[in-house]
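Have a look at the structure below, then the notes.
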Amino acid sequence: MPDRCISIDSPVAGNVWEVTVEDGQQVSSGDSLVIIESMKMENELKTPRDGTVRHINVKAGDSVEQNKVLV
């Protein structure tokens, strides 16, 4: 079976509040990956399937634009 990579993109512009995973970490469907704060609301981004985190492109405190690849 081929390795299928997915990326987690920011749905809104805002600030990274927390990154809850690290490179190489095993994750299960529904696990929290990143929390983005935008307009005083938190957006918790979760993984859609089981897998391994390959690369994290942001850290807490970073500003992000909509559609930026986070993980």
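Under the 3.5 Å distance criterion, the side-chain polar atoms of Ser29 are left unmatched by any main-chain donor or acceptor of Asp50. Of the possible donor and acceptor atoms, none in the side chain of Ser10 sits under 3.5 Å from a partner among the backbone N and O of Asn67. Checked by atom type and distance alone, the side chain of Gln66 pairs as donor or acceptor with a backbone atom of Pro11 at under 3.5 Å.
Legend: salt bridge (charged side-chain N to carboxylate O under 4.0 Å, His left out) pairs involving residues 13-32, not counting sequence neighbours: none detected. Applying the salt bridge (charged side-chain N to carboxylate O under 4.0 Å, His left out) test to residues at least two apart or on different chains, the pairs with a partner in residues 56-68 are Lys59-Asp62.
Side-chain contact check for Thr52 and Gln26: at least one donor-acceptor pair (N or O, by modelled atom type) lies under 3.5 Å.
Both Ile56 and Val64 are members of a single hydrophobic cluster when ILVMFWY side chains are connected at heavy-atom separations under 4.5 Å. Val58 and Val12 end up in the same hydrophobic cluster when Ile, Leu, Val, Met, Phe, Trp and Tyr side chains are linked at under 4.5 Å. Under the 4.5 Å side-chain heavy-atom criterion for grouping Ile, Leu, Val, Met, Phe, Trp and Tyr, Val69 is not connected to Trp17 through any hydrophobic cluster. Residues Val19 and Val27 fall within the same hydrophobic cluster, defined by Ile, Leu, Val, Met, Phe, Trp and Tyr side chains chained together at heavy-atom separations under 4.5 Å. Residues Leu45 and Val71 fall within the same hydrophobic cluster, defined by Ile, Leu, Val, Met, Phe, Trp and Tyr side chains chained together at heavy-atom separations under 4.5 Å.
Side-chain contact between Leu70 and Asn57 is absent, with no heavy-atom pair separated by less than 4.5 Å.
The two residues Ser38 and Gly14 come nearest to each other via the heavy atoms CB-CA, 4.3 Å.
Taking CG of Leu33 as the reference point, atom CD of Glu44 lies at 9.0 Å (rounded to 0.5 Å).
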